[in-house]
A.B. asks: 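Sending over a structure as structure tokens; questions will come in a sec.
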Protein chains: 2
Amino acid sequence: MASRRKITGQPGDTPAEAPRKQDTLYVSSLAKGLKLLKVFNRTNTHLSLTEMVKLSGMDKSAVQRLANTLMVEGFLHRDPDTKRFRPTHAWLGLAYAYYWSDSLVALAMPKLIELSQRLGETVNMAELSDTSIVYVARLPCQRTNYEATLIGRHLPALSASPGQAILSTWPEADWRAAVETWPLRQMTARTTMDRAELARQMARTAERGFSITQDQMILNEIGISAPIRGADGLAHGAVQCSVSAFHWTPERVERELVPYLLDTANSIAPAGRG
Amino acid sequence: MASRRKITGQPGDTPAEAPRKQDTLYVSSLAKGLKLLKVFNRTNTHLSLTEMVKLSGMDKSAVQRLANTLMVEGFLHRDPDTKRFRPTHAWLGLAYAYYWSDSLVALAMPKLIELSQRLGETVNMAELSDTSIVYVARLPCQRTNYEATLIGRHLPALSASPGQAILSTWPEADWRAAVETWPLRQMTARTTMDRAELARQMARTAERGFSITQDQMILNEIGISAPIRGADGLAHGAVQCSVSAFHWTPERVERELVPYLLDTANSIAPAGRG
DNA sequence: ATACCCAGTATCATATAATAATACAATTTG
DNA sequence: CAAATTGTATTATTATATGATACTGGGTAT
């Protein structure tokens with residue numbers, strides 16, 4: 001590796017390229033294989049070998065071997081005609097396994113279904129994952145767009161209403177630190193990028209016990225979230241309801257949705273830790 | 001490896017232990033890492049190092065290194081207190097990526113939502129994966145149990161109504177071969193294990209264009225499925241409705257559910273191949 | 001208390017198994 | 001039909017994964 005090092009690294013590469021992680025208890029071949037899985041996303045769905053090479057920044061031979069291994073093990077499917085790789089049902093199998101390890105979802109599910117039928121609007125459940133929230137359960141209604149039906153989506157916690165609801169249950173110093181440092185991404189023209197403004201919203205959320213956001217992820221979308229508190233008062237997750245600003249005003253939301261949302265969130269009592 | 005081979009292999013091991021797959025384009029370290037992921041399932045949700053060793057049949061040191069790598073890469077979480085590993089939200093992130101690669105789900109989703117609201121009963125969509133069906137979309141209703149809300153579940157295609165519906169669109173010789181050879185598992189006391197009987201059911205299904213099963217996965221559960229046909233007439237997936245035998249009779253199902261189910265399935269037109 | 005046992009952690013010499021260059025085949029493109 | 005691009009196969013080289021072993025610490029029973 002000393003002599004045959006990568007000479008320059010193409011300018012388009014991911015920055016820094018992560019020189020070496022640890023040593024003895026780090027299996028880099030496994031890490032590279034996982035990296036190849038992560039290359040598939042919303043825009044990269046059916047990839048050729050060379051595309052995988054470009055996107056992963058790894059060597060052609062390496063990608064060849066890793067992709068082949070993933071195929072043999074059932075994690076990638078190769079279309080014999082186009083020679084392109086795509087994810088397999090094994091990826092859903094992992095989600096299935098995940099759900100059995102997350103007791104909070106099991107607790108919440110019946111209440112979420114009930115809420116969704118009562119409100120007739122999209123109901124979601126999200127959990128915090130580092131500085132993002134992740135949708136773990138989704139009950140769509142007719143006018144829900146496809147993206148909003150998909151579990152596993154990660155969003156910046158600061159901008160999404162479930163994130164704000166969860167954070168608001170933290171000690172004030174903690175959530176203020178998060179508001180200062182956690183990443184933000186301009187998703188729509190109106191996504192709040194002003195951290196001072198976010199801090200004000202958070203203060204209001206902490207005070208009221210629920211969060212309301214608008215135009216943050218999609219224009220004309222109103223998100224309302226209530227935290228699911230544990231015995232220690234800290235939130236493990238949040239129940240979210242998503243409605244259209246065409247049909248709803250913040251006032252009506254607060255009158256007709258929030259009470260049910262809070263009721264549902266409060267009725268979900270996490271046992272120990274999720 | 002010639003000298004330090006595994007001496008005997010404990011009697012409890014998985015059979016044969018897969019001596020070697022291929023050689024030059026097979027990265028066994030990656031395969032082992034994936035094997036470790038597969039160890040997590042419905043019953044094994046939070047695993048200690050030694051449990052992972054037992055379940056995977058791999059060396060203690062190997063598991064140590066692989067698990068550590070999976071943790072560093074964000075695919076396993078370790079509880080600092082119990083020292084146990086569990087799946088992370090990355091597992092749901094893979095499901096999210098999967099959904100963008102499966103255009104059939106995107107096509108079907110709005111129709112499935114509509115159907116679920118019209119019927120007020122659990123509506124699912126499943127796809128064939130080898131000899132299993134996999135649930136790719138689920139719209140639960142109040143009395144749906146937790147397991148039936150989870151995507152990614154694999155079931156023997158021969159026993160599940162979506163599997164029968166899909167198979168019934170194949171040329172008769174093909175589905176007959178499947179009925180003869182594909183695996184069966186006794187899930188309830190009444191799961192049909194008689195292949196001749198299954199063949200009769202399949203013939204009926206092929207004739208009628210939809211399948212009805214009862215007591216196959218859960219007692220008192222009736223499953224009704226309609227195939228989603230492509231341009232070639234072959235099914236890429238199936239729409240399923242699941243109801244309780246306490247509230248429904250096969251006759252009423254056929255009158256009040258089947259027409260809507262068929263209508264929904266027919267309105268989903270797969271473009272090219274999923 | 002103390003000794004034991006078991007689970008988790010760390011270290012290291014060894015050679016297996018991953019590497020990346022290269023060559024070949026099969027495409028698609030001009 | 002040539003040229004370029006992508007996918008496939010082969011190989012020498014050594015970096016990297018291996019698994020035995022030893023260390024640490026918590027829990028339990030003696």
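Letters A, B, ... mirror the listed sequences (proteins, then strands); counts begin at 1.
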A.B. asks: Can you give me the closest heavy-atom contact between B:Ala97 and A:Trp91, atom names plus distance?
C.D. replies: CB-CZ3, 3.9 Å

A.B. asks: When every nucleotide of nucleotides 5-12 of chain C is labelled 5' to 3' by its protein contacts under 4.0 Å (heavy atoms), B for base, S for sugar-phosphate only, - for none, what sequence of letters results?
C.D. replies: --SBBB--

A.B. asks: Taking atom P of C:dA18 as reference, at what distance in whole Å does atom NZ of A:Lys35 sit?
C.D. replies: 18 Å

A.B. asks: Quick test: give all pairs of protein nitrogen or oxygen and nucleotides 28-30 of chain C nitrogen or oxygen below 3.5 Å, distance rounded to 0.1 Å.
C.D. replies:
none

A.B. asks: Rounded to the nearest Å, what distance is computed from the CG atom of residue B:Leu70 to the P atom of nucleotide D:dA17?
C.D. replies: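 After rounding, the reported distance stands at 13 Å.
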
A.B. asks: Can you tell which of A:Leu36, A:Val63, A:Leu76 makes a side chain to side chain contact (heavy atoms under 4.5 Å, CB included) with A:Phe85?
C.D. replies: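 Looking at A:Leu36, A:Val63, A:Leu76, the match for A:Phe85 under the side chain to side chain contact (heavy atoms under 4.5 Å, CB included) is A:Leu76.
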
A.B. asks: Is the A:Tyr146 to B:Trp100 ring centre distance short of 6.0 Å?
C.D. replies: yes

A.B. asks: Between A:Asp59 and A:Gln64, does the side chain to side chain contact (heavy atoms under 4.5 Å, CB included) criterion hold? Intermediate values first, please.
C.D. replies: CA-CA 9 Å; A:Asp59 187 80; A:Gln64 181 189 180; over 6 Å; no

A.B. asks: Examine C:dA18: is either OP1 or OP2 under 4.0 Å from a nitrogen or oxygen in the side chain of B:Ser28? Give yes or no.
C.D. replies: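 B:Ser28 to C:dA18 OP1/OP2: side-chain N or O found under 4.0 Å.
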
A.B. asks: Please lay out, stage by stage, how B:Tyr98 and B:Leu94 fare under the test side chain to side chain contact (heavy atoms under 4.5 Å, CB included).
C.D. replies: CA-CA 6 Å; B:Tyr98 171 86; B:Leu94 291 181; over 6 Å; no

A.B. asks: How many whole angstroms separate atom NZ of B:Lys32 from atom C1' of D:dT18?
C.D. replies: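 Answer to the nearest Å: 8 Å.
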
A.B. asks: Using atom CG of A:Leu66 as one end and atom P of C:dT19 as the other, report the distance to the nearest whole Å.
C.D. replies: 6 Å

A.B. asks: Can a side chain N or O of B:Arg65 be found less than 4.0 Å away from OP1 or OP2 on D:dT18?
C.D. replies: yes

A.B. asks: So does A:Ser29 get a side-chain nitrogen or oxygen closer than 4.0 Å to the phosphate oxygens (OP1/OP2) of C:dA17?
C.D. replies: no

A.B. asks: With respect to B:Glu73, which candidate in A:Lys32, A:Lys35, A:Lys38 satisfies the salt bridge (Lys or Arg N to Asp or Glu O under 4.0 Å) definition?
C.D. replies: A:Lys38

A.B. asks: When you measure from the side chain of A:Asp130 to the backbone of A:Ser132, do you find a donor-acceptor pair of N or O atoms at a distance under 3.5 Å?
C.D. replies: no

A.B. asks: CD1 of A:Ile268 to CE of A:Met109: how many Å apart, nearest 0.5 Å?
C.D. replies: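 Taking CD1 in A:Ile268 and CE in A:Met109, the distance rounds to 10.5 Å.
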
A.B. asks: In whole Å, I'd like the distance from the CG atom of A:Asn68 to the C1' atom of D:dA9.
C.D. replies: 12 Å

A.B. asks: Let's go through A:Arg176 and A:Glu172 carefully: what are the C-alpha distance in whole Å and the side-chain angles of both, what is the deciding distance for salt bridge (charged side-chain N to carboxylate O under 4.0 Å, His left out) to 0.1 Å, and is it a yes or a no?
C.D. replies: CA-CA 6 Å; A:Arg176 285 201 181 275; A:Glu172 182 166 346; 2.9 Å; yes

A.B. asks: How many whole angstroms separate atom OH of B:Tyr26 from atom C1' of C:dA18?
C.D. replies: 14 Å

